[in-house]
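Step one of this worksheet: look at the structure below.
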Amino acid sequence: DPMNMDPDQIAEVRDYMIEHRDQFRTFADSDSDTINLFKSGEIILTDGGLGTTTKLQNEGVDVAWVAPEEGALSWICGFGISSESENVPGAYALINHYLSPEMQAVIASQGFSIVNPEAMPLIPKEERESADPSNLESLIPEVEAAYQEEWDQAWQEIQVG
């Protein structure tokens, strides 16, 4: 679990990455960077999510996403309502809209797992496996690392080589 590495494990990863720095073309700053690097042929392998893979596939790039045996890292996205909100009913209406089967089907079409299983019948058969909410059980939530300061320092050292 990369989010719960201790300082020795972080140092081991840092040292490995620096030692093998010549194997890296670049460190992409965004999904758009990753997509452009794939499309230009500058990279043939990267880390990234199923959503980026879906975008690449939709643009005709022959690419596949493979989940690590250990589990894939996953962003934790969600909505919150401020205690100072002036339109709480409107905020709940927006949240309910995004959770509706119709919107969850749109989210699935972008390559993401959904949270509302009622959307499954609305999702094309070829997208159901990746959209299935049961996929969420095997994911590693990408949260603040247990040793965030050490993690950030190591990443800065990796980037500069």
Side-chain angles (χ1 to χ4, degrees), residues 1-84 95 98-99 103-104 106-117 119-120 123 126-161:
D1 179 352
M3 306 318 322
N4 288 302
M5 293 188 296
D6 64 38
D8 290 338
Q9 291 169 316
I10 294 169
E12 182 181 347
V13 170
R14 178 203 61 218
D15 294 347
Y16 180 89
M17 296 288 285
I18 291 171
E19 183 178 328
H20 294 87
R21 180 72 167 88
D22 63 333
Q23 296 178 13
F24 296 93
R25 160 62 180 85
T26 187
F27 296 108
D29 290 325
S30 66
D31 290 346
S32 296
D33 283 351
T34 299
I35 289 168
N36 289 330
L37 288 164
F38 259 106
K39 288 171 67 175
S40 70
E42 292 181 73
I43 62 171
I44 59 168
L45 177 73
T46 188
D47 72 328
L50 187 54
T52 303
T53 302
T54 300
K55 288 177 188 176
L56 282 162
Q57 291 169 339
N58 290 341
E59 295 191 29
V61 178
D62 185 19
V63 63
W65 184 81
V66 179
E69 291 177 13
E70 301 84 357
L73 286 174
S74 175
W75 287 103
I76 299 174
C77 301
F79 294 100
I81 302 173
S82 167
S83 63
E84 299 176 16
I95 292 170
Y98 275 100
L99 294 174
M103 280 305 295
Q104 290 286 290
V106 170
I107 289 167
S109 73
Q110 297 173 354
F112 298 102
S113 295
I114 62 169
V115 295
N116 184 347
M120 291 301 284
I123 298 170
E126 64 273 9
E127 296 173 2
R128 286 184 189 160
E129 184 179 345
S130 63
D132 191 330
S134 67
N135 291 330
L136 302 173
E137 296 168 11
S138 65
L139 297 177
I140 300 169
E142 193 166 343
V143 296
E144 185 170 330
Y147 293 91
Q148 190 67 47
E149 189 172 317
E150 289 87 345
W151 201 98
D152 290 341
Q153 178 65 37
W155 179 237
Q156 290 172 9
E157 291 176 32
I158 291 166
Q159 287 180 301
V160 298

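The shown structure was predicted, so the numbers you read here are calculated from the model rather than taken from an experiment.
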Is the side chain of [X] donor-acceptor paired with the backbone N or O of [Y] at a distance under 3.5 Å, no angle test?
| X | Y | value |
| --- | --- | --- |
| Thr26 | Ala28 | no |
| Asp1 | Ile140 | no |
| Ser113 | Ser130 | yes |
| Asn135 | Asp132 | yes |
| Gln57 | Ala64 | no |
| Gln23 | His20 | no |
| Ser40 | Asn36 | yes |
| Gln104 | Tyr98 | yes |
| Gln9 | Asp6 | yes |

ask   = Hey, mind stepping through Gln156 and Asp152 against side chain to side chain donor-acceptor pair (under 3.5 Å) and telling me if it holds?
value = CA-CA 6 Å; Gln156 290 172 9; Asp152 290 341; over 6 Å; no

Using the rule side chain to side chain donor-acceptor pair (under 3.5 Å), only one of Glu157, Glu150, Glu149 pairs with Gln153; which is it?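 Result for side chain to side chain donor-acceptor pair (under 3.5 Å) with Gln153: Glu157.
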
For [X] against [Y], the heavy-atom pair lying closest together:
| X | Y | answer |
| --- | --- | --- |
| Lys39 | Val61 | CG-CG2, 3.7 Å |
| Ile95 | Phe79 | CG1-CB, 3.6 Å |
| Phe38 | Leu45 | CZ-N, 4.0 Å |
| Leu99 | Asn116 | O-ND2, 2.6 Å |
| Ile18 | Ile158 | CG1-CA, 4.0 Å |
| Thr54 | Ser109 | CG2-O, 3.7 Å |

Report yes if the side chains of [X] and [Y] come closer than 4.5 Å at any heavy-atom pair, otherwise no.
| X | Y | answer |
| --- | --- | --- |
| Tyr16 | Glu19 | no |
| Glu59 | Ile35 | yes |
| Met120 | Pro133 | yes |
| Leu73 | Met3 | yes |
| Leu37 | Thr46 | no |

query: Can you tell me how far the CD1 atom of Ile81 sits from the OG atom of Ser83, to the nearest 0.5 Å?
result: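 Answer rounded to 0.5 Å: 11.0 Å.
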
Using 0.5 Å steps for rounding, measure from the CD atom of Glu127 to the CD atom of Gln110.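 Rounded to the nearest 0.5 Å, the CD-CD separation comes out at 10.0 Å.
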
| request: Not counting sequence neighbours, list each pair that qualifies as a ring-ring contact (aromatic ring centres under 6.0 Å, His included) and has a residue in residues 138-161. | output: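 Residue pairs with at least one partner in residues 138-161: Phe27-Trp155.
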
Please say whether more than 12 non-hydrogen atoms of neighbouring residues, nucleotides or ligands are located less than 6.0 Å from CD in Glu12.
->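 Open.
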
- Verify the neighbour count for atom CD of Glu126: are there more than 12 heavy atoms of other residues, nucleotides or ligands below 6.0 Å?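 Enclosed.
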
Salt bridge (Lys or Arg N to Asp or Glu O under 4.0 Å) with Arg25: which residues, sequence neighbours excluded?
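With sequence neighbours excluded, Arg25 shows a salt bridge (Lys or Arg N to Asp or Glu O under 4.0 Å) to Glu42, given in chain and number order.
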
### Task
Check the pair Leu50 / Phe112 against side chain to side chain contact (heavy atoms under 4.5 Å, CB included), numbers first and verdict last.
CA-CA 7 Å; Leu50 187 54; Phe112 298 102; over 6 Å; no

